[in-house]
> 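Before anything else, here's the structure in question.
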Amino acid sequence: MTSPATACILDGKLTSQNLLDSLSLELAQIKAQGAPLPKLVVVLVGDDPASQVYVGKKAKTAQKIGMLSELLTYPADTTQAELLAVIARLNQDASVHGILVQLPLPKHIDTLSVIRAIDPKKDVDGLHPLNMGLLMTGDPSACKPCTPAGVMTLLKAYNVPLAGQNAVVLGRSNIVGKPMGMLLLQENATVTYCHSKTADLAAVCREADILVAAVGVPNLVTADFVKPGAAIIDVGINRLDGKLVGDVDFTSASQKAGFITPVPGGVGPMTIVTLMANTLFLYRQGQPTA
Ligand code: NDP
């Protein structure tokens, strides 16, 4: 494959807007039929400034497309028992179709216990072990984690070849890295996971036709990590000197890559639109079929 001088930008802003427009139409149809609208509830505990920005964006997007949404905010000293009681109430509430607990939670709360408490049928970020298991087995009823599912949508929107390609996923978190690899595998990519103990990271990454960086280390991926013509997906969101940067050094990597996502305007908007799509997906799964 010959390397283009500059990479094609995988525009998450544009792609997500197109998807939001079609979700908007679907929601208008539901409304016109007089059926109850899908409802997303986002739960925020504490005052992490980045989380506050994310939940604000999520609620605003839901509103824009005509989906019902509610943001529940609780102080940082909320106990685990109090949070579990909130989730139990939302699980019981038939008007709620998607529950998202914004991560990270304050340190005194056990994240896994909270995720396990969410009804898997309302687990809009697909993090409950049941949904993880369904994803692992390729079950179509799995609700897929928003960020990796959004990345797949973006890759497909730009017809990035997947089958038979070498995909390297940098990062192995439950929320991004692990499910990302599973989704690429389902599309018949040959998947390698890298993490903090990987020996010679750059050499492994240079084998990648598709490289997904989800580490949280600003500008870790430089041109030296990039195979000419590769698709580079930057999941990272980091603040550096007051600026938002990804895990990829965009300037150098984009000279070698075939496709690349910018930060901001790449994966971030795809995560949000996938959250909306997942809420609608869970809503439809819960509706009686005619
Ligand atoms: P985690 O901190 O949970 O996981 C980071 C992963 O990166 C771990 O597997 C870790 O390895 C690995 N890692 C860390 N440092 C290195 C290194 N120097 N070399 C190789 N691997 C390393 O992060 P998340 O998965 O939650 O998030 C990753 C990034 O993505 C963050 O910047 C986050 O803000 C962003 N993010 C963006 C979203 C979006 O919508 N755009 C959504 C979610 C997250 P090990 O397991 O060995 O510790």
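None of the values given here were measured: they were computed from a predicted structure. Atoms considered below: every heavy atom in the structure, side chains included; atoms not considered: hydrogens, waters and symmetry mates. Both counts, for ligands and for their atoms, begin at 1 and track the order of listing.
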> Going by atom types only, do Asn278 and Asp125 share a side-chain donor-acceptor pair under 3.5 Å?
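On atom types as modelled, these side chains do not qualify, holding no pair under 3.5 Å.
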> May I have the list of side-chain donor-acceptor pairs in residues 211-220 shorter than 3.5 Å, sequence neighbours left out?
none

> Tell me yes or no: between the side chains of Asp139 and Thr137, is some donor less than 3.5 Å from an acceptor?
no
> How would you list, by chain and number, the residues with a heavy atom under 4.0 angstrom from ligand 1?
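Thr147, Leu170, Gly171, Arg172, Ser173, Ile175, Val176, His195, Ser196, Leu201, Ala214, Val215, Gly216, Val217, Val235, Gly236, Ile237, Asn238, Val267, Gly268, Thr271.
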> What pairs of residues pass the ring pair (Phe, Tyr, Trp, His ring centres under 6.0 Å) test when at least one of them lies in residues 84-103, not counting sequence neighbours?
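Of all non-adjacent pairs touching residues 84-103, those that pass ring pair (Phe, Tyr, Trp, His ring centres under 6.0 Å) are His97-Tyr283.
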> Indicate yes or no: at least one non-hydrogen side-chain atom of Cys194 is less than 4.5 angstrom from one of Val168.
yes
> Using a 3.5 Å cut-off and no angle test, enumerate the donor-acceptor pairs between side-chain atoms of residues 102-109 and protein atoms at least two apart in sequence or in another chain.
| residue | atom | partner | partner atom | Å |
| --- | --- | --- | --- | --- |
| Gln102 | OE1 | Lys58 | NZ | 2.8 |
| His108 | NE2 | Thr78 | O | 2.7 |

